[in-house]
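Heads up, the thing below is written out as C-alpha cells.
Along the sequence shown, the residues carry numbers beginning at 1.
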Amino acid sequence: MSFRSLIQEMRDEFGSISRHSLRSRSHRGGGGAPRVAAVGPAEAAAMQQSCWAQLPPELLREVLVRIEESEALWPSRRDVVACAGVCRSWRGITKEIVRVPEASGKLTFPISLKQPGPRDGTLKCFIRRNRTTQTYYLYIGLTEALADDGKFLLAARKCRKPTCTDYLISLDMSDMSKGSNTYIGKLRSNFLGTKFTVYDAHPPYDGAVVSKSRSARVVGLNQVSPRVPAGNYPVSHISYELNVLGARGPRRMNCIMDSIPASAVQEGGKAPTQTEFPLSGLDSFPSISFFRSKSARIDSATSQLSTQKEEKLVLKNKSPRWHEQLQCWCLNFRGRVTVASVKNFQLVASDENGPTNQEQDKVILQFGKIGKDLFTMDYRYPISAFQSFAICLSSFDTKIACAG
C-alpha cells in the first residue's frame, strides 16, 4: 500500500469519528453559545481500538509532517485541518508543525487571517462583490488564474448609518452580524467617505486599548458569550485626500497602521502576530479551534512590546505615472489588474517611516479591478489578510469629496 493510501485510510477513519463527535457536541450544546463537550464514550472507544491511535509519537509526527508538506495548496490543504481535528495529541503536533504565513506563505487556519502575510512573495487573493446584497467575499486563488472557484476566507456586509458606514467582517459568509461568534472586526467610514478606521474585535497585541465608542458598549451587552471581551480595537486609520482633478486624477490615500511598528518593514523587523482567538463559540467550529502556533507565540511577545514604543507604520499609495499615448494614469500591476479604475491602488511604506530603502519600495498591498464585480487583492508582510481586506473595502465606499 502506498504512503498516500495509508494517509487516506487514516484520515477517513479518524475523520468520521471527529465529524460524529462534532455533531454530538452541537446537539448537546442547547441554547446560547455553543460549547465544546468532551468526546463521548463511543468515540473514545473507537479511537482506542483504531490501529492509528497506537502510533508512536515520533512516527505520528513524521506522518503529519509529510501530510503538511505535500498538501500545500487548497483544496487539498483541508487534509491538514482534518488531521488537527482528530484528537488532542494530533492537534498538538499539527499546531507545532504548521508555521505562520510569515514563514510558510500558507493560510491554513482562520487565525492565519489575522497574522502577517509572507515575507518572501505575496498571497494572491480576489474579492467578489454582490451589489444587490451589498456584500463582499474574499477568496484565495487555487490556480494562477486571476480568479477561479477560490477558497473562501472572509465576508463583509455594508451597513449604512445616518452619519457613517460600517462594513462588518466575518469568518462566515452566511452570518455577518455583529453578535455572531464569527464576527472578527469592522471598517467604519465618516460621512464623506474620506476617513476610515479599521477595528479588530480582538486585541491585536498585549496591552491594546479598546475604543470607547457607543457601538462597543452595545456589543458588550449583547455578546453571545460572556467569556469573549467585546471590543473595537483600532488597528488602522485610512484617509483619502481631496482630489482637485476630479475623476481625471488618481486618488491619494494614507494608512496609519496603529498595531504595526514602522521598523516592521526593515530587515529583521517584527510585527505583532495574534496566536489564537479568545475563548468563545469559535471553539465549536471544526476548522477554527486549532489555529494556534507555538512559534508565533514567541515572536509576538517581542513585537507586541515594541509596538507600544516605536513609531507606527505609515503606508501610502504608490504614485501612478501619466501615459501620454493611453491618456490615463498607469501603474505596473504585473498582469494582476486588467480594468482601469479609480479604485486601483498599490500601497508602499511611506517616507515618514525614515530613509527609503529597498524593503520600503516593495508593494505591501495591491488591489485592482479585473471584472464588473471582481477584484484582485495581493498582500504581504507585515499586514494580514484581515487588515488588507478592510483597507480594500474602503476603496469601494462612495467618496463625496474624492470624485467617487
Sub-4.5 Å side-chain heavy-atom contact between Phe152 and Met173: yes

Pair His202 + Tyr233: ring centers closer than 6.0 Å: no

Residue list, salt bridge (charged side-chain N to carboxylate O under 4.0 Å, His left out) with Arg88, at least two apart or on another chain: none

Shortest non-hydrogen separation from Thr132 to Asn130 and the atoms involved: N-OD1, 3.0 Å

Contacts of Ser174 that satisfy side chain to side chain donor-acceptor pair (under 3.5 Å) - sequence neighbours left out: Asp172

Partner residues of Phe126 under the ring pair (Phe, Tyr, Trp, His ring centres under 6.0 Å) criterion, sequence neighbours left out: Tyr139

Pair Phe396 and Phe367, ring centroids less than 6.0 Å apart: yes

Nearest heavy atoms of Trp90 and Cys83, plus distance in Å: CB-O, 3.4 Å

Residues which pass salt bridge (charged side-chain N to carboxylate O under 4.0 Å, His left out) with Lys106, listed by chain and number, not counting sequence neighbours: Glu68

Ion pair Asp200/Lys186, N-O distance below 4.0 Å: no

Euclidean distance, Cys125 SG relative to Asp378 CG, rounded to 0.5 Å: 7.0 Å

Close side-chain approach of Arg380 and Leu123, heavy atoms under 4.5 Å: no

Separation of Thr165 OG1 from Phe196 CZ (nearest 0.5 Å): 8.0 Å

Heavy-atom closest contact (Pro272 atom, Ser259 atom, distance): CG-O, 2.9 Å

Spacing of Met377 atom CE and Leu393 atom CG [to the nearest 0.5 Å]: 9.5 Å

Selection residues 115-128 - residue pairs positive for salt bridge (charged side-chain N to carboxylate O under 4.0 Å, His left out), sequence neighbours left out: Glu102-Arg119

Pairs touching residues 145-158 that satisfy side chain to side chain donor-acceptor pair (under 3.5 Å), sequence neighbours left out: Thr143-Asp148

Which atom of Ile169 lies closest to which atom of Ala390, heavy atoms considered: CD1-CB, 4.0 Å

